[in-house]
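Here the structure is laid out as structure tokens; the discussion comes afterwards.
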Amino acid sequence: MNILSLVFTNLRRHHWRALIGTAGIAFGVAAMLAILAIVTGAIGMFQRLLSSDSHYLVFERNVSDLFFSSVTPEQVAAIRARPEVAEAHPVLFGIVSAPGRPVITCFGVEAADPRLAKAEWRAGTAADFGRRAGEIFLGSRAAEFLAARAGDEVEIGRGRFRVGGIFKTENGFEDGGVFLPLAAAQEFFHRAGAASVVTVKLRDQAQGAAFKRALEAAQPGVIALENREFNSTYNSFKILNFTAWAVGICAFCLGGLGVANTMLLSVFTRIREIAILRVCGFSGAQVAGLIFGEATTIAAAGVAAGFTLGFALLALLERVPQFNGYIQATLQPLVLAGIVVTAFVTAALGAIYPARFAMKIQPAEALRYE
């Protein structure tokens, strides 16, 4: 008798229970897919934001988050004076609010910042940036949710600013943010002369190690990290990744309980059937294989349904204006593989107890079972 055909026959006979198990796995897959895609996409956007046309990031040593970092004008001048440095651009990060929008990222940059030159300007030009006092510049998504056009006045925090220009960038954080000239941002946030980070482009990238040693020795209050080194050591990125996987695994645990419940009920309602299989020559291992085969089939169906639901959810989230351009979901093949492996492992773990119970069924006693 073909075990595979028995697997599909049993799932069809108990299709509602099978659907419950499949739904549990699908929920776990969709939740993990959406959470990891959003988190890794956000991290990727923030990495690209920081590494815009640069090799190193310089920020305050021992700071918990870049929003709290403070690089002084003297330190910026010292960085620019280094012979290895071709360009150094200070950037100040802050959070502002607008009517109906409690959280908007604000960037304080200099007019020479390369991200302005690389942007696609919808209104105004890069040359207009910082030329007139009292002006603010908007990413295209920010202009949409603020319903603002060039020349309009917008309320930001406790101040009112004239929109000096609107531009589009590929980075969701920037496109959903507002930009002020660095000096105006420092005044607005009461951070006189300070920058959150300094993006540094070297004349020769091979001089990076020498630049890092010399700068940190001369300016012990700051730390210089190569972009890829920053990406792997920044605590906020580690916390986000850990949290995403933790939440996703919790969702899978619920799915695993659903599979365990489905398989256990399936075994209890088929005790006489399993006894007949044993009488017909099925070994305990073959009975366990039957249970694990059903669990694996449920997991495969759950993965397919979960990916369909998850990608549909991501496509929907990317079009929701309330996310202000912060959602730009990206997925690496390794992440997809991790989700698939987690789904099948969860289903297998959920089938262990039902399979062990089925293996211990004694035919003589089971045939008398009502």
Side-chain angles (χ1 to χ4, degrees), residues 43-96 105-119 126 129-130 169 171 173-174 177 179-241:
I43 290 174
M45 284 189 291
F46 198 61
Q47 289 170 348
R48 292 191 296 274
L49 180 154
L50 294 171
S51 62
S52 178
D53 199 29
S54 67
H55 300 128
Y56 273 80
L57 294 172
V58 180
F59 53 96
E60 185 180 358
R61 185 181 293 275
N62 297 325
V63 70
S64 61
D65 192 273
L66 293 184
F67 279 90
F68 304 124
S69 172
S70 183
V71 183
T72 66
E74 294 75 21
Q75 290 167 333
V76 174
I79 294 168
R80 284 174 164 162
R82 297 291 314 165
E84 306 92 347
V85 175
E87 298 176 17
H89 300 285
V91 181
L92 179 63
F93 301 123
I95 298 295
V96 297
T105 307
C106 179
F107 303 91
V109 298
E110 295 178 327
D113 193 287
R115 73 194 73 220
L116 299 177
K118 295 192 310 187
F129 191 84
T169 70
N171 189 294
F173 279 111
E174 293 175 344
F179 288 75
L180 284 170
L182 181 60
Q186 290 166 340
E187 180 181 356
F188 184 86
F189 292 112
H190 307 290
R191 302 276 302 276
S196 301
V197 299
V198 181
T199 61
V200 177
K201 183 177 182 179
L202 302 178
R203 299 181 191 280
D204 181 0
Q205 197 170 355
Q207 297 179 319
F211 162 75
K212 175 181 172 71
R213 286 194 301 271
L215 178 66
E216 292 180 357
Q219 302 290 331
V222 300
I223 183 171
L225 293 179
E226 197 173 7
N227 289 331
R228 63 173 178 267
E229 184 183 10
F230 174 82
N231 296 343
S232 63
T233 59
Y234 187 41
N235 284 334
S236 293
F237 291 169
K238 291 181 179 179
I239 292 170
L240 282 172
N241 270 318

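What's counted below: heavy atoms across the whole structure, side chains too, no hydrogens, waters or symmetry copies.
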Checking His55 against Leu202 for the side-chain contact (heavy atoms from CB on, under 4.5 Å) test, could you report, in this order, the C-alpha distance in whole Å, the side-chain angles of both residues, the deciding distance, and whether it holds?
CA-CA 7 Å; His55 300 128; Leu202 302 178; 3.8 Å; yes
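- Listed by first and then second residue, the ring pair (Phe, Tyr, Trp, His ring centres under 6.0 Å) pairs involving residues 181-223 are Tyr56-Phe211, Phe161-Phe188 (not counting sequence neighbours).
- Ionic pairing of Glu84 and Arg203 is not present here: no N-O contact between side-chain nitrogen and carboxylate oxygen is shorter than 4.0 angstrom.
- Considering every non-hydrogen atom in both Leu116 and Ala126, the closest pair reads O-CB, 3.9 Å.
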I'd like to know whether Leu182 forms a side-chain contact (heavy atoms from CB on, under 4.5 Å) with Val109, so could you lay out the CA-CA distance, the side-chain angles of the two residues, the decisive distance to 0.1 Å, and finally the verdict.
CA-CA 5 Å; Leu182 181 60; Val109 298; 5.8 Å; no
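- Proximity of a side-chain donor or acceptor of Arg80 to a complementary backbone N or O of Glu87 within less than 3.5 Å is not detected.
- You'll find the side chain of Arg61 reaches within 4.5 Å of the side chain of Glu216, heavy atoms only.
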Carefully, step by step, assess Leu57 and Val200 under the rule side-chain contact (heavy atoms from CB on, under 4.5 Å).
CA-CA 6 Å; Leu57 294 172; Val200 177; over 6 Å; no
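- Here the side chains of Val96 and Cys106 are in contact, with some heavy-atom distance below 4.5 Å.
- Put simply, the side chain of Leu180 does not reach to within 4.5 Å of the side chain of Glu187, judged on heavy atoms.
- Ser69 and Glu60 get closest at one heavy-atom pair: OG-N, 3.0 Å.
- Under the 4.5 Å side-chain criterion, counting only non-hydrogen atoms from C-beta, Leu215 is in contact with Val58.
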What's the verdict on side-chain contact (heavy atoms from CB on, under 4.5 Å) for Leu66 and Phe68, showing C-alpha distance, side-chain angles and the deciding distance?
CA-CA 5 Å; Leu66 293 184; Phe68 304 124; over 6 Å; no
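- Distance check, rounded to the nearest 0.5 Å: CD1 of Ile79 to CD of Gln219 gives 7.5 Å.
- Under the 4.5 Å side-chain criterion, counting only non-hydrogen atoms from C-beta, Pro181 is not in contact with Glu110.
- Inter-residue side-chain proximity for Asp113 and Phe129 is flagged as unmet; no heavy-atom pair is nearer than 4.5 Å.
- Aromatic ring orientation, Phe93 versus Phe67: tilted (interplanar angle from 30° to 60°).
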